[in-house]
Undergrad: 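Please read through the structure below; I'll follow up with questions.
Every chain is numbered from 1, with letters handed out A, B, ... down the list of sequences.
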There are 2 protein chains.
Amino acid sequence: MAHLKALDECSIDAVLTDPPYSSGGLTIGQRQQAPSKKYQSSDAQKKFADFPGDNRDQRSFITWATLWLAEAYRVTKPGGVCMMFTDWRQLPAMTDALQAGGWLWRNIVVWDKPTARPSRGEFKRQCEFVLIGSKGKLTPATDRCLPGVYRRSIVASSKRLHLTEKPVPLLHDLLQITPEGCTVLDPFAGSATTAQACLETGRRFIGIELSQTYFETACTRLKTLANWTL
Amino acid sequence: MAHLKALDECSIDAVLTDPPYSSGGLTIGQRQQAPSKKYQSSDAQKKFADFPGDNRDQRSFITWATLWLAEAYRVTKPGGVCMMFTDWRQLPAMTDALQAGGWLWRNIVVWDKPTARPSRGEFKRQCEFVLIGSKGKLTPATDRCLPGVYRRSIVASSKRLHLTEKPVPLLHDLLQITPEGCTVLDPFAGSATTAQACLETGRRFIGIELSQTYFETACTRLKTLANWTL
DNA sequence: CCCGGAGCTGAATCGCACC
DNA sequence: TGGTGCGATTCAGCTCCGG
């Protein structure tokens, strides 16, 4: 949050981020577990480092989300866009936080994960959602009409650097709504997937990550990409 | 609502309905327009009769939805399921109403409409959503795992009996979560699309419709289906 | 019967003119 | 000034018709 406050007003064209969902488990006890236990089957545990900000109850979660969304709003140029991942359970809370942070809520984009885990006798929970907001009237960056549903496979567990890593092609898709050469902010940079997608599509990137472990992972990853300097 | 109150407690296995969305327009005036104006391009107007319950503001809309959802909950058997259509704009309000009505919110199923209207420089608003709730722990009706996304074309305007008619194949898909031979309630029966899907898949159907015009349309439609008596 | 191209529509949205 | 109403606009996919 301190890093976010340090950024200049209206210095960013777009926000694209995947905040902690804080949504695993119906009971307080389950939510208070560390993410690496909550989101993984038991045999896969301890593969990923824990990440901060994922054990709030829903009330303080909304307040906290509103705070960083308002800061992100402040640093974004008028007409800029905000894209934020959420799962089905937190979606209503996140639309509240998005709008409370000042953003104009415009849309829900669907990420269809074909390899989601099935559950017997129920509809699969196979989607995550991307909430779209804008700072006032959206400044169109392209003449194209973009799809509202993206079918992209999740990153294979063996290739993942972060527990909830999003596929790079999906981020490419989402960046289509931003102008080329623009500056993109990710306040929850994680293992820098958004950063990679920005660099690959000719966008500038500003990232913030609280976890020292993931910050170092991100630096390592970005150093392996060719045309990039710290 | 009176018809709903007249039904016996725990007499229904599932609720499947498409209530008025009350979501067109940002201003009071636009919301007060009749649905046939609000949701149709100007040249196509006056083809469909208007339907009631689509001009509440969001606060009274949630209250009203909670009332009928609570009644629907009352008449549903424990372990029964509720499936309710909504659009992106009303989704958070409807999850509140669903849960306030007593239901356990379980999922968001996505209806992907391939022919949604595009808009330049933006993501298409190409989905509607089906909120899934259960009365307590869900009683599984099948061993199969059902998809979480359904790509189904909208009903062609020339073949539609109702402005917001849902495709019958989509309702077939959704009914897969209910046991064969069960009784399904639709408190907003419209032109009886849900009824048709129930009869075609061997479910019993109870429908309620406020609009006399649509009630008569529904009766006509159902009479043309073979194995059915009033 | 299959194929290809023309035509049309959409649970809208935007912006401007007008009270 | 602010709220309201009307008309122009968008293109992928579906329908339909003719070859």
Side-chain angles (χ1 to χ4, degrees), chain A residues 78-79 81 104-110 132-134 136-151 173 176-177, chain B residues 17-58 61 65 84-94 109-131 150-171 188-191 193-194 211 214:
Chain A
V81 70
L104 180 61
W105 177 34
R106 306 190 68 85
N107 203 353
I108 301 176
V109 169
V110 172
I132 311 296
S134 64
K137 195 172 87 63
L138 182 71
T139 306
T142 171
D143 280 342
R144 297 199 304 125
C145 297
L146 305 169
V149 175
Y150 295 92
R151 191 175 171 86
D173 294 335
Q176 293 303 303
I177 205 175
Chain B
T17 193
D18 180 25
Y21 292 176
S22 208
S23 60
L26 294 167
T27 66
I28 295 167
Q30 282 178 301
R31 259 201 317 271
Q32 283 172 345
Q33 286 178 17
S36 61
K37 284 196 179 167
K38 211 161 47 174
Y39 300 129
Q40 295 178 74
S41 49
S42 49
D43 56 339
Q45 269 180 38
K46 291 296 162 201
K47 182 172 184 306
F48 298 107
D50 288 324
F51 47 87
D54 198 69
N55 47 11
R56 295 172 166 88
D57 70 18
Q58 191 167 59
F61 179 73
M84 172 174 58
F85 281 89
T86 182
D87 71 351
W88 67 276
R89 193 181 288 274
Q90 291 294 352
L91 193 152
M94 293 315 276
V109 169
V110 172
W111 173 29
D112 178 4
K113 302 180 286 186
T115 58
R117 177 174 301 173
S119 61
R120 202 174 42 109
E122 285 198 74
F123 298 108
K124 270 202 287 188
R125 294 169 187 95
Q126 86 184 60
C127 295
E128 288 183 42
F129 303 93
V130 187
L131 300 183
Y150 295 91
R151 189 173 171 87
R152 293 282 186 194
S153 294
I154 58 175
V155 183
S157 168
S158 57
K159 292 182 182 165
R160 238 183 294 160
L161 299 172
H162 191 280
L163 173 56
T164 67
E165 189 171 327
K166 301 293 176 280
V168 175
L170 175 65
L171 298 174
F188 303 94
S191 56
T193 313
T194 305
S211 153
Y214 282 120

Undergrad: Could you report the tightest heavy-atom contact between Trp88(B) and Asn107(A), atom names first, then the distance?
TA: CZ3-N, 3.5 Å
Undergrad: Side chain of Phe51(B) only, please: which of dA11(C), dT10(D), dT13(C) is the nearest?
TA: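 Of all the options, the side chain of Phe51(B) is nearest to dA11(C).
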Undergrad: Search all heavy atoms of Ala141(A) against all heavy atoms of Ile177(A) and return the closest pair with its distance.
TA: CB-O, 3.3 Å
Undergrad: Please work out whether the ring planes of His162(B) and Tyr214(B) are parallel, tilted or perpendicular, with thresholds of 30° and 60°.
TA: tilted
Undergrad: Quickly work out the Leu91(B) CG to dA11(C) C1' distance and round it to whole Å.
TA: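 Whole-Å distance recorded here is 14 Å.
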Undergrad: Which nucleotide wins on minimum distance to the side chain of Pro114(B), given the candidates dC14(C), dA11(C), dG13(D)?
TA: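 Of dC14(C), dA11(C), dG13(D), dG13(D) is nearest to the side chain of Pro114(B).
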Undergrad: Give the nucleotide from the list dG15(C), dT10(D), dT13(C) with an atom nearest to the side chain of Lys137(A).
TA: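 Ranking dG15(C), dT10(D), dT13(C) by closest atom to the Lys137(A) side chain puts dG15(C) first.
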Undergrad: Give a yes/no answer on whether the side chain of Ser157(B) brings an N or O atom under 4.0 Å of OP1 or OP2 in dG10(C).
TA: yes
Undergrad: Quick one: does Lys166(B) reach the base of dA11(C) with a side-chain donor-acceptor pair under 3.5 Å?
TA: yes
Undergrad: When all nucleic acid strands are considered with a 4.0 Å heavy-atom cut-off, which category describes Pro118(B): base, sugar-phosphate, or nothing?
TA: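 Base contact.
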Undergrad: What is the nucleic acid contact for Pro140(A), judged by heavy atoms within less than 4.0 Å: base, sugar-phosphate only, or nothing?
TA: nothing
Undergrad: Using side chain to side chain contact (heavy atoms under 4.5 Å, CB included), reason through Thr164(B) and Phe85(B) one step at a time and then give a plain yes or no.
TA: CA-CA 11 Å; Thr164(B) 67; Phe85(B) 281 89; over 6 Å; no
Undergrad: What is the distance from CZ of Arg125(B) to P of dC11(D), rounded to the nearest Å?
TA: 15 Å
Undergrad: Atom NZ of Lys113(B) and atom C1' of dC11(D): how far apart are they, to the nearest Å?
TA: 16 Å
Undergrad: For DNA chain C, just give me the dot-bracket, please: Watson-Crick or G-U, both distances below 3.5 Å, ( ) intra-strand, [ ] crossing earlier pairs, | paired with another strand, . unpaired.
TA: .|||||||||.||||||||
Undergrad: Return the residues of residues 141-148 of chain A meeting this criterion: a heavy atom under 4.0 Å from some atom of DNA chain D. Order them by number, or give none.
TA: Asp143(A), Cys145(A)
Undergrad: Quick one: does Asp87(B) reach the base of dA12(C) with a side-chain donor-acceptor pair under 3.5 Å?
TA: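 No, the side chain and the base share no sub-3.5 Å donor-acceptor pair.
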Undergrad: Identify whether a stacking contact exists between Tyr39(B) and dA12(C), where the ring centres must be under 5.5 Å apart and the planes under 30° apart.
TA: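 Given the distance and angle limits, no, they do not stack.
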